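One structure is given below, encoded as structure tokens.
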Amino acid sequence: MDAVDLFKRLGAGAKFNFKRFGKDAERFKVGRPQNKEVSKPFDGIGFFGIKTQEETTVHDDDDEEEESEKEQTAVTEKRKRSNTDETLSKSRKKRKGKKEETDDEENETDGSDETELEKEGIRWMSSQDKNAKGPKTKAKDKHSLKRLKQLQREKLNQIRHSNRINVHGTDIPDPLTTFEELQKEYELDPRIIQNIKAAGFQTPTPIQMQAIPLMMHSREILACAPTGSGKTMAFCLPLLAHLRQPLNKGFRGLVVAPTRELASQTHRELLKLSEGVGFRVHMINKGVDAAKKYGPKSAKKFDILVTTPNRLIYLLNQDPPAVDLSSVEWLVVDESDKLFEDGKTGFRDQLATIFLACSSPKIRRALFSATFTTEVEQWCKLNLDNLVSVNIGPRNSAAETVEQELLFVGAENGKLLAMRDLIKKGFMPPMLVFVQSIERARELFHELVYEGINVDVIHSERTQQQRDNVVNSFRSGNIWVLICTALMARGIDFKGVNLVVNYDFPTSAVEYIHRIGRTGRAGHKGKAVTLFTEADKPLLRSIATVIKKAGCPVPDYMIGFKKLHSKEKQRLEKKPPERSTIRTTPLSLMKKKPGKEKRKKGKAGAKVQGSGEKSKECTNN
């Protein structure tokens, strides 16, 4: 009997820890016995020279090697399974929020191994035991938050899509759905909410839904919305909310408009909305009085200024400047595309001077208009901080509430016949008639004044008092037909204008949109009739395209006209085509009769038609 066999015999009663001393067992070629029953282990040994009845069993070396190899393989497989189980348990602890493996893989170990692992301080749990301790709430919370955010985005996109709101920028706040949200989310004065309801506004319009939250977050915006869509209120409300209360710091809000009529309208809206809050809203009437009122020696008891560019430039050019704009926190430019125009009709130089005068580091700028050119957009992208662009519907589009019609009249003489025919058939006043020049406005007035209708004319050469009287009479219904130039085409809000007649063809699609935008405002229906002749053929295609986009019928041949070159368009905008005089009275009757006393000394012979018409206008007014 060799030493290994003796070692096996002597150690038969002891329990060898194959789990812990597996390497030693491999070295000595000791395997776990297959039969656990070991009966009479010392029977084969003869003590005191006495042999037992059973003869000792002598194992062959080959059998022993095969048996040891089998036992060694079983131990190795057991160790691999246990190591795999430990690795799985560690990986499951690290991977939070993921599903556990199947129960079969978890329960590979037998009962004896589990007992040994428990002795060493390791406790094995199934997936059911882990779930019994409670669900992993963090992972579920993450999924639920993602789902809520996705639902919120879908809801906001649906609101914007249904209202045709197109917004471009970063960190865009949610659109406003009710005016009450201003009080809850932005702490707007409750009195202003009452003033909104008293003015008859129930729900915000699309431009108000998106522009108001943006300005409440002090974002600089470029807003484009159709005529009559509520742009004035869209910037008046955030302006009042941002200033919060009256302070004696000078002007903190500035609104610039191209015409005095539009500035006066904005001034009235601000007064209505701020009633009972105490804001001091001012408008420049006379430059001399304003220099004393707003000069350096004033007490600065004012908050908001509404003005036109020329009047404000007059005050800034005084020495010292008669108005201080260094405290302005909000600069709002209404009808900004008109103010950005270059040349005699535009205000680009004046606007640049105003921008430089507003030197506060807190300054924020907002530009509103019904139409926009690429020049304005490019300037805003370069000069405004973190710009957000808001468009309601397609850009440079006409209001869909206006029924649009093109009427061919042949030559210039046919326009007056069509106009008189329109009056004879009957129309629902009030009506606005647009012409291309001041002289033609006078001529048409003298032709229609004998038609038995209440008609008047307004243009820039009339005094401010005359213009205010005409506007008030038109608003009150005393004037049925108002003849005007492009002066009245910008932003002025006349309640309930039923008909707009373009007596002279507009020089651009932008001007056409603003003209017909005087009707069909605030959701009301309106109608626009545009007269055209053979001379208007070059400009017909652009106007017909606007009409077609608005859903009104247009002959196909008009859309097929050749597109004008950009230089030709600019030339026609600056210099409209020459048109014949609007006159039905013979020229011989227009001359003064001989023998009649002359009105002024130094004038000899007959006067030209223009001066005669001017004297008649003064007499009528």
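All residue numbers refer to positions in the sequence shown, counting from 1. Nothing here was measured: the structure is a model prediction, and the numbers come from that model.
In summary, Glu461 and Arg442 engage in a salt bridge, as defined by a charged side-chain N under 4.0 Å from a carboxylate O. Of the charged side-chain nitrogens involved, at least one lies within less than 4.0 Å of a carboxylate oxygen, so that Lys415 and Asp504 count as a salt-bridged pair. Using a 4.0 Å cut-off between a side-chain N of Lys or Arg and a carboxylate O of Asp or Glu, Glu335 and Lys231 do not qualify as a salt bridge. Under the 4.0 Å criterion applied to side-chain N and carboxylate O atoms, Glu447 and Arg420 are assigned as salt-bridge partners. Residues Arg348 and Glu375 are paired through a salt bridge, judged by an N-O separation under 4.0 Å between the basic side chain and the carboxylate.
Partners of Asp174 according to the salt bridge (charged side-chain N to carboxylate O under 4.0 Å, His left out) rule, which considers only residues two or more places apart in sequence or in another chain, do not exist here. Residues that satisfy the salt bridge (charged side-chain N to carboxylate O under 4.0 Å, His left out) test with Arg219, not counting sequence neighbours, are absent from this structure. In this structure Thr507 satisfies the side chain to side chain donor-acceptor pair (under 3.5 Å) test together with Glu511, sequence neighbours excluded. Taking the side-chain contact (heavy atoms from CB on, under 4.5 Å) definition, one finds that Leu422 meets it with Met431, Leu499, Val501, sequence neighbours left out. Legend: residues meeting side chain to side chain donor-acceptor pair (under 3.5 Å) with Thr463, ordered by chain and number and at least two apart, are Gln466. Listed by chain and number, the residues in a side chain to side chain donor-acceptor pair (under 3.5 Å) with Ser369 are Asp337 (sequence neighbours excluded). Residues passing the salt bridge (charged side-chain N to carboxylate O under 4.0 Å, His left out) test with Glu269, sequence neighbours excluded: none. With sequence neighbours left out, the side-chain contact (heavy atoms from CB on, under 4.5 Å) criterion links Asn396 to Thr371, Ile513. Scored by the side chain to side chain donor-acceptor pair (under 3.5 Å) test, Asn498 finds no partners at all (sequence neighbours excluded). Arg395 is linked by a salt bridge (charged side-chain N to carboxylate O under 4.0 Å, His left out) to Glu377, counting only residues two or more places apart in sequence or in another chain.
Side-chain contact between Leu482 and Val433 is absent, with no heavy atoms from C-beta onward closer than 4.5 Å. At least one side-chain heavy atom of Leu237 sits less than 4.5 Å from a side-chain heavy atom of Ile196. At a threshold of 4.5 Å between non-hydrogen side-chain atoms, the residues Val435 and Phe445 do not count as touching. With a 4.5 Å cut-off on side-chain heavy atoms, Ile192 and Val277 count as touching. Counting heavy atoms from C-beta on, the side chains of Phe340 and Leu351 come closer than 4.5 Å. Side-chain contact between Leu222 and Val390 is absent, with no heavy-atom pair separated by less than 4.5 Å. Between Leu305 and Leu312 the shortest side-chain heavy-atom distance falls below 4.5 Å. Looking only at side-chain heavy atoms (C-beta outward), Phe532 and Leu407 stay at 4.5 Å or farther from each other.
In this structure, the side chain of Thr519 engages the main chain of Val497 through a donor-acceptor pair within 3.5 Å. Without hydrogens or angle criteria, Asp324 side chain to Ser326 main chain gives a donor-acceptor distance under 3.5 Å. Formation of a donor-acceptor pair under 3.5 Å by the Arg252 side chain with backbone atoms of Asp303 is not found in this model. Between the side chain of Arg164 and the backbone N or O of Arg160, no donor-acceptor pair lies under 3.5 Å. Between the side chain of Ser397 and the main chain of Gly393, no donor-acceptor pair closer than 3.5 Å is present. Side-chain N or O atoms of Arg280 include none that pairs as donor or acceptor with a backbone N or O of Ile304 at under 3.5 Å. Within the 3.5 Å criterion, the main-chain N or O of Glu275 finds a donor-acceptor partner in the side chain of Asn195.
Cys224 pairs with exactly one of Asn391, Val376, Ile207 by the side-chain contact (heavy atoms from CB on, under 4.5 Å) rule, that one being Asn391.
Once rounded to the nearest 0.5 Å, the distance linking CG of Asn310 with OG1 of Thr259 reads 11.5 Å. Taken from OG1 in Thr307 to CG in Leu254, the straight-line distance is 7.5 Å, to the nearest 0.5 Å. Separation of atoms CD (Gln208) and OG1 (Thr205) is listed at 3.0 Å; rounding is to 0.5 Å. For the atom pair Leu156 CG and Gln210 CD, the distance stands at 9.0 Å (nearest 0.5 Å). The structure places CG of Asp334 at 8.5 Å from CZ of Phe368, a figure rounded to the nearest 0.5 Å. For the atom pair NZ of Lys381 and CG of Asn383, the computed distance is 13.0 Å after rounding to the nearest 0.5 Å.
Between the side chains of Asn386 and Glu220, not a single donor N or O lies within less than 3.5 Å of an accepting N or O. The closest side-chain donor-acceptor pair between Arg260 and Ser264, if any, does not fall under 3.5 angstrom. Between the side chains of Asn472 and Arg467, not a single donor N or O lies within less than 3.5 Å of an accepting N or O. Counting only N and O atoms by type, the side chains of Tyr512 and Gln404 include a donor and acceptor under 3.5 Å apart. Asn478 and Ser473 share no side-chain donor-acceptor pair at under 3.5 Å.
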- [ ] Evaluate the side chain to side chain contact (heavy atoms under 4.5 Å, CB included) criterion for residues Asn163 and Met209: first the C-alpha distance (whole Å), next the side-chain angles of each, then the deciding distance (0.1 Å), finally the verdict.
- [x] CA-CA 9 Å; Asn163 292 279; Met209 292 171 68; 3.7 Å; yes
- [ ] Please assess Asn454 against Val481 for the test side chain to side chain contact (heavy atoms under 4.5 Å, CB included), listing each intermediate value before the final yes or no.
- [x] CA-CA 6 Å; Asn454 298 330; Val481 179; over 6 Å; no
Result block: side-chain N/O donor-acceptor pairs under 3.5 angstrom for residues 522-529, not counting sequence neighbours:
none

Using atom types as modelled, flag every donor-acceptor pair under 3.5 Å from a side chain in residues 178-189 to any protein atom, sequence neighbours excluded.
residue, atom, partner, partner atom, Å
Glu180, OE2, Lys197, NZ, 3.2
Glu181, OE2, Thr177, OG1, 2.2
Asp189, OD1, Arg191, N, 2.9

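Summarising the geometry of Val554 relative to Lys548, their closest heavy-atom pair is CG2-N, 3.9 Å, with the distance given to 0.1 Å. Across all non-hydrogen atoms, the minimal contact from Ile212 to Ala234 is CG1-O, 3.5 Å. When all heavy atoms of Thr227 and Gly517 are compared, the pair lying nearest together is OG1-CA, 2.9 Å. Counting all heavy atoms, side chain and backbone alike, Gly520 lies closest to Val402 at CA-CG2, 4.0 Å. The heavy-atom pair separating Gly496 from Pro430 by the smallest distance is O-CD, 3.4 Å. Minimum interatomic distance between Phe427 and Pro429 (heavy atoms only, all atoms of both residues): O-CD, 3.2 Å.
Aromatic ring centres of Trp379 and Phe372 lie farther apart than the 6.0 Å criterion allows.
Using cut-offs of 30° and 60° on the angle between ring planes, the pair His282 and Tyr294 is perpendicular.
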